[in-house]
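One-based numbering along the sequence shown.
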Amino acid sequence: MPRLSEVIAALETLWPAERAESWDAVGTVVGDPDQEVRRVLFAVDPVQEIVDEAVKLGADLLVTHHPLYLRGTTTVAATHFKGRVVHTLIKNDIALHVAHTNADTADPGVSDALAGALDLRVVRPLVPDPADASGRRGLGRICELDHPLTVRELAAKAAERLPATAQGIRVAGDPEAVVRTVAVSGGSGDSLFDVVRAAGVDAFLTADLRHHPASEARAHSPLALLDAAHWATEWPWCELGAAQLDEISDREGWDLRVHVSRTVTDPWTAHAASTTTHTTGAPN
């Protein structure tokens, strides 16, 4: 069985910490470098529900996309929910490793996994990493469809292929407009509207779109917007990361058991569809 330090070294080859944004908090949060690793669980969020799942599974290592402490802390007391996560991990000898923005821009990375879930053909990064001479790393992806779809059909495909959430897929734009090219970015993407418009794509699939940026984006161009749940756009990376670690395990002869959590940790739990038929103004 490999030691944690060996597994972490392998993960660092996939998602080097130095490629994370300066504000990010990636790397190993909890864990003894000398502990043995037999079972690994991948998930998006390091929340108590996921940690309890790791305990039940008998995992030695939990790999998450989102950091546990993004802004730092002065306490890990179990009276706080994040402190309770730390206590549970340590009591059960479970290490925690985070790959966040360094996984977003990796090759392959979060947006490659998102594109793959929708059978989109990746052409190039949306925001290329200037340090990558190959031109493959970077934030987001510009993709082509094998066959044109309407916005409505593309949204339906996203709703079918991505994990189910209360939000589903919101659409801004003409549902019958034809889509041949699409930009995708796992996680929050409304800071990318300028580069998306410059790319000249027909649609943009991302998450966490806010009212004003979306409204302004629609005013600028006929770009169609598809807004999915943040968690749902990043979950496919868990399967990608697990497959990458599986390959390393086979190559190294580690015989790791690598799992992907299917637990939905999207914070939104229900959706009530509007029933009004008014189209000319808000109800009084």
Full working for side chain to side chain contact (heavy atoms under 4.5 Å, CB included) between Y69 and V76: CA-CA 10 Å; Y69 288 107; V76 293; 3.7 Å; yes
Does the side chain to side chain contact (heavy atoms under 4.5 Å, CB included) test come out yes or no for L192 and V127, once each step is laid out? CA-CA 9 Å; L192 300 173; V127 184; 4.1 Å; yes
Working note: H97 + I8, criterion side chain to side chain contact (heavy atoms under 4.5 Å, CB included); need CA distance, chi angles, decisive distance, verdict. CA-CA 8 Å; H97 186 80; I8 296 303; 3.5 Å; yes
Yes or no on side chain to side chain contact (heavy atoms under 4.5 Å, CB included) for T64 and D45, after CA distance, side-chain angles and deciding distance? CA-CA 6 Å; T64 66; D45 296 303; over 6 Å; no
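Rounding to the nearest 0.5 Å places CD of E6 at 12.0 Å from CD1 of I248. Taking CZ of R161 as the start and CG of L118 as the end, the distance is 7.0 Å to the nearest 0.5 Å. Distance check: D104 CG to S185 OG gives 7.0 Å after rounding to the nearest 0.5 Å. With rounding to the nearest 0.5 Å, the separation of CD in Q167 from CD1 in I169 is 7.0 Å. The structure places OG1 of T105 at 7.0 Å from CZ of R137, a figure rounded to the nearest 0.5 Å. In this structure, CG on L61 lies 13.5 Å from CZ on R38, to the nearest 0.5 angstrom.
Within the 4.5 Å cutoff, the side chain of D112 has heavy atoms near those of the R141 side chain. Considering only heavy atoms from C-beta on, T73 stays 4.5 Å or farther from K82 through its side chain. Counting heavy atoms from C-beta on, the side chains of W15 and Q244 come closer than 4.5 Å. Side-chain contact between E176 and T150: present, with at least one pair of heavy atoms (C-beta onward) separated by less than 4.5 Å. The side-chain heavy atoms of V30 and I90, taken from C-beta on, include a pair separated by under 4.5 Å. By the 4.5 Å heavy-atom criterion applied to side chains, L70 and P67 are counted as neighbours. Contact of the L223 side chain with the V196 side chain is registered, since non-hydrogen atoms from C-beta on lie closer than 4.5 Å. At a threshold of 4.5 Å between non-hydrogen side-chain atoms, the residues V44 and H66 count as touching.
A ring-ring contact (aromatic ring centres under 6.0 Å, His included) check over residues 174-215, counting only residues at least two apart or in different chains, returns the pairs F193-F204. Sequence neighbours left out, not one pair with a member in residues 67-81 passes salt bridge (Lys or Arg N to Asp or Glu O under 4.0 Å).
Surrounding CZ of R197 are more than 12 heavy atoms belonging to other residues, nucleotides or ligands, all under 6.0 Å away.
Across every non-hydrogen atom of G138 and P125, the tightest pair is CA-CB, 4.0 Å. Scanning both residues, G189 and L209, for their nearest heavy atoms gives C-CD2, 4.4 Å. Between I94 and L62, the shortest heavy-atom contact is CG2-N, 4.1 Å. Nearest heavy atoms, A115 versus V184: CB-CG2, 4.2 Å. Residues L240 and G109 come closest through the heavy atom pair CD2-O, 3.5 Å. In plain terms, the two heavy atoms of V26 and A20 that are nearest each other are CG2-CB, 3.8 Å.
Residues V151 and V182 share a hydrophobic cluster, clusters being chains of Ile/Leu/Val/Met/Phe/Trp/Tyr side chains in contact below 4.5 Å. Linking ILVMFWY residues whenever their side-chain heavy atoms come closer than 4.5 Å, directly or via other members, leaves V29 and L245 in distinct clusters. Taking hydrophobic clusters as Ile, Leu, Val, Met, Phe, Trp and Tyr residues chained together by side-chain heavy-atom distances below 4.5 Å, V258 shares a cluster with W254. Taking hydrophobic clusters as Ile, Leu, Val, Met, Phe, Trp and Tyr residues chained together by side-chain heavy-atom distances below 4.5 Å, I142 does not share a cluster with L120. Tracing side-chain contacts under 4.5 Å through hydrophobic residues (I, L, V, M, F, W, Y), one reaches L114 starting from L149; they form part of the same cluster.
With V85 as reference, V51 is the one residue of V51, D52, V47, I50 to meet the side-chain contact (heavy atoms from CB on, under 4.5 Å) rule. Just one of R218, R210, R170 meets the salt bridge (Lys or Arg N to Asp or Glu O under 4.0 Å) condition when paired with D227; it is R170.
In this structure a side-chain-to-backbone donor-acceptor pair under 3.5 Å is missing from R180 to V178. Using a distance-only test at 3.5 Å, with no hydrogens or angles considered, no donor-acceptor pair links the side chain of T206 to the main chain of S188. With H220 contributing its side chain and E216 its backbone, the two residues share a donor-acceptor pair below 3.5 Å. When atom types are taken as modelled, the side chain of D202 and the backbone of T181 share a donor-acceptor pair closer than 3.5 angstrom. Side chain of T233 to main chain of G187: a donor-acceptor pair is present (N/O by atom type, distance under 3.5 Å, no hydrogens or angles).
D34 and R3 are joined by a salt bridge, as a carboxylate oxygen and a charged side-chain nitrogen come within less than 4.0 angstrom of each other. By the 4.0 Å N-to-carboxylate-O rule, R262 lies close enough to E239 to be salt-bridged with it. D119 and R121 are not joined by a salt bridge, as no carboxylate oxygen comes within less than 4.0 angstrom of a charged side-chain nitrogen.
Looking at S261 and E53, their side chains do bring a donor and an acceptor atom within 3.5 Å of each other. Counting only N and O atoms by type, the side chains of E49 and T265 include no donor and acceptor under 3.5 Å apart. Between the side chains of D24 and T101, a donor-acceptor pair is found at a separation under 3.5 Å.
When the ring pair (Phe, Tyr, Trp, His ring centres under 6.0 Å) test is applied to H65, the partners found at least two apart in sequence or on another chain are H100, W237.
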